[in-house]
Every structure is written in C-alpha cells, then in structure tokens.
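Below: the structure, in structure tokens.
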Amino acid sequence: MKRSPRGRLFKIYKKLFALYGPQGWWPGRSRLEIIVGAILTQNTAWTNVEKAIKSLKEAGALTSPACINSMRRDKLARLIRPAGYYNVKASRLKNFFDLLHKSYKGNIAGMGKAPTEELRRDLIQVNGIGPETCDSILLYAFNRPVFVVDAYTKRIFSRHKLCGRDAEYGIVQNLFMRNLPHSVRIYNEYHALIVRLAKEFCRTKPRCAACPLRSLSRAAIVCA
DNA sequence: GACCAGGCACATC
DNA sequence: GATGTGCATGGT
C-alpha cells in the first residue's frame with residue numbers, strides 16, 4: 001500500500017533523527033548573531049560565514065544592533081569579506097538594521113514580541129531578505145513555527161517524489177506545514193537534519209549508495 | 001582549474 | 001510568468 005505524504009515525511013524525519021540526533025541549531029549564540037548569520041549564509045558555505053562572524057565579533061560589531069547600524073557600509077563589507085558577495089550582503093544587513101531601527105526602535109527583543117504575520121510581512125519587504133532568509137529568522141531567531149525550505153529540501157524531497165524539483169517556495173513549505181504539527185522543535189530539527197544529510201550524501205554521486213534514505217523510496221534516485 | 005555552497009534582486013523577453 | 005545574470009569567497 002502506498003504511504004501518504006504525511007507518513008513519508010514523518011518516516012524520513014524519524015530516520016534522520018535516529019541517525020543524527022538533535023542538531024542544536026541555529027549555530028549562533030544570540031538573536032543578533034542568528035539574524036546576521038542567516039543573511040551571510042545566502043548561497044554561501046557556513047565555514048565562510050563563520051570566518052565573517054568571527055571578524056565581526058572581533059570588531060565588536062555584534063555586541064548590539066546599534067553597532068552595525070552606525071557602521072559605514074564599506075567597513076562592514078570589509079569585515080564580512082570571507083562570506084562572499086560582501087558588497088551585496090553589507091547592503092542587505094544595513095537594510096535589515098534599518099527596518100529594526102525604524103519599526104522596532106532598534107530593539108530585537110521588541111521585534112520578537114510582534115505577531116508572526118506582522119514580522120514576516122516586515123522582514124520579507126526588506127531588500128535582500130527573501131523567503132528562506134525570512135523564515136530562517138522567524139524560526140531560529142524568534143522561535144516561530146515556520147518551516148524553512150532551502151535548495152537541499154527541494155533536491156532531496158523532489159527525488160522522493162514529494163514535490164517538484166522547481167516547485168515554488170510556498171508549495172514546498174505547505175507540504176511540510178500541512179503534514180507536520182506546527183512545532184518549533186520539529187521544524188527546527190527537520191531543517192537542520194536535511195542540511196546535515198545533504199552535506200554528507202548529496203554532493204557526490206559515489207556516496208549515493210550509502211544514503212540513509214535510499215531504502216525509503218523505491219522510485220527515487222536519492223542522491224544522484 | 002572547475003565546481004559548489006543553508007539566496008536574492010533585477011533585467012529581459 | 002519564466003528565464004538568465006550578477007554578486008565573490010574559500011573548500012574540494
């Protein structure tokens with residue numbers, strides 16, 4: 001008998017959790033650091049983001065939102081250089097802090113009190129914050145039950161025939177949010193586990209045979 | 001040296 | 001609405 005999407009999503013989650021355990025995401029100490037990391041990691045390896053965050057910390061830029069807000073864009077770009085796209089990302093960070101300053105009096109804790117819909121509307125309007133970055137901030141910085149969809153999610157779950165390879169962000173997000181409980185803990189862990197799996201098994205073809213999800217989907221070519 | 005990485009905005013058709 | 005392109009570093 002064919003298993004429902006709900007059953008399959010749960011089964012994959014359980015398999016990954018049993019294999020890897022809790023991932024302890026997001027790898028950032030404060031809300032500020034999580035938000036900055038979410039913007040810096042756009043299309044960029046996390047190892048490069050770590051270098052940029054280290055450099056920001058050493059410059060004292062992550063002690064409060066006011067630090068980056070008052071910093072010159074070119075100085076900020078220099079500090080985040082290892083994360084790549086440094087001119088674009090410096091502007092994007094500035095744009096976020098502009099929102100924070102103008103709409104939330106520069107107060108991240110205050111921002112955290114806003115209703116999810118209001119927060120999402122504000123974040124998504126920031127130039128440089130798209131759906132994934134927005135939802136990463138909502139889930140990991142503000143603990144809102146929002147599922148984060150990234151390129152790995154589409155790659156893996158399209159191979160399991162649960163969504164299309166080029167499905168729109170909202171379509172894939174709905175797949176998870178319709179079929180899983182609206183739980184911060186589960187959404188947090190599931191996304192982190194997907195990244196963990198993808199990093200280990202989805203980059204190179206020879207590793208495909210060892211992919212832990214291989215047995216869960218007969219039709220899917222899981223990692224090729 | 002080529003390819004890829006936890007996107008996004010913008011131009012063009 | 002769909003597709004192509006620029007943005008850039010560092011690891012494999």
Side-chain angles (χ1 to χ4, degrees), chain A residues 12-13 16 20 22-29 31 33-56 73-99 120-142 144 146-159 163-173 176 184 186-208 223-224:
Chain A
I12 290 172
Y13 177 71
L16 292 176
Y20 297 125
Q23 298 298 295
W25 268 37
W26 184 282
R29 290 215 171 83
R31 280 176 164 173
E33 195 179 323
I34 292 167
I35 292 164
V36 169
I39 292 172
L40 292 182
T41 199
Q42 291 170 354
N43 207 34
T44 300
W46 183 254
T47 49
N48 290 353
V49 176
E50 284 178 324
K51 291 182 173 70
I53 287 179
K54 182 168 181 279
S55 141
L56 285 170
R73 199 193 64 88
D74 55 341
K75 182 180 178 186
L76 180 58
R78 254 196 325 278
L79 291 171
I80 63 171
R81 192 172 189 280
Y85 307 117
Y86 49 85
N87 287 315
V88 171
K89 286 175 181 174
S91 298
R92 291 177 180 178
L93 285 170
K94 282 290 199 182
N95 293 342
F96 168 80
F97 286 100
D98 196 46
L99 165 73
R120 189 170 210 285
R121 194 188 58 229
D122 281 353
L123 287 169
I124 207 77
Q125 276 176 358
V126 173
N127 187 305
I129 295 184
E132 183 186 336
T133 307
C134 172
D135 290 339
S136 293
I137 292 171
L138 287 173
L139 177 63
Y140 291 106
F142 293 117
R144 305 306 169 93
V146 174
F147 197 88
V148 177
V149 175
D150 62 4
Y152 291 148
T153 313
K154 285 187 189 176
R155 191 187 305 173
I156 293 168
F157 288 84
S158 65
R159 285 168 184 168
C163 68
R165 178 68 186 87
D166 298 312
E168 278 178 33
Y169 185 95
I171 300 290
V172 184
Q173 186 179 50
F176 285 87
V184 172
I186 291 175
Y187 291 171
N188 176 322
E189 214 56 74
Y190 211 152
H191 174 64
L193 287 165
I194 287 168
V195 174
R196 172 74 185 269
L197 172 78
K199 282 182 173 171
E200 231 166 292
F201 290 101
C202 293
R203 283 184 183 160
T204 55
K205 214 170 180 179
R207 288 180 163 184
C208 190
C223 295

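Lettering follows sequence order; numbering is per chain, from 1. All values reported here derive from a predicted model rather than from experimental measurement.
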Margin query: For a quick check of understanding: with a heavy-atom distance under 4.0 Å over all strands, which category does A:N48 fall into, base, sugar-phosphate or nothing?
Written below: base
For residues 122-129 of chain A, please give each side-chain donor-acceptor pair under 3.5 Å, one per line with the distance, not counting sequence neighbours.
from, atom 1, to, atom 2, distance (Å)
A:D122, OD2, A:Y104, OH, 2.6

Note to self: Quick check on B:dC8: is either OP1 or OP2 less than 4.0 Å from any side-chain nitrogen or oxygen of A:T133?
What the structure shows: yes
Check: Which residues within residues 87-97 of chain A lie with some heavy atom under 4.0 Å of an atom in DNA chain B?
Finding: A:R92
Item checked: Length of the CG-P vector between A:D166 and C:dG4, whole Å -> 11 Å
Notebook entry, point to check: Looking only at side-chain N and O atoms, does A:R155 come under 4.0 Å of OP1 or OP2 in B:dA5?
Noted result: yes
Item checked: side-chain N/O A:Y86 vs C:dC7 OP1/OP2, d < 4.0 Å -> no
Item checked: A:Y85 OH - C:dG10 P separation (whole Å) -> 13 Å
Checklist line | Set of residues satisfying ring pair (Phe, Tyr, Trp, His ring centres under 6.0 Å) with respect to A:W25, sequence neighbours excluded | finding: A:Y140, A:H191
Next item on the list: Taking side chain to side chain contact (heavy atoms under 4.5 Å, CB included) as the test, write out the residues that go with A:V172, two or more places apart.
Entry: A:V149, A:T153, A:K154, A:C163, A:A167, A:F176
Next item on the list: In whole angstrom, give the distance that lies between atom CD1 of A:I53 and atom P of C:dG10.
Entry: 15 Å
Checklist line | Partners meeting side chain to side chain contact (heavy atoms under 4.5 Å, CB included) with A:Y13 (sequence neighbours left out) | finding: A:F17, A:R185, A:I186, A:E189, A:Y190, A:L193
Notebook entry, point to check: Which whole-number value in Å describes the distance from A:E132 CD to B:dG7 C1'?
Noted result: 7 Å
Margin query: Using OP1 and OP2 only, check whether a side-chain N or O of A:N43 sits under 4.0 Å from B:dG7.
Written below: yes
Polar-atom pairs under 3.5 Å, protein N or O versus N or O of nucleotides 10-13 of chain B: list them with distances, or write none.
from, atom 1, to, atom 2, distance (Å)
B:dC10, OP1, A:N127, ND2, 3.1

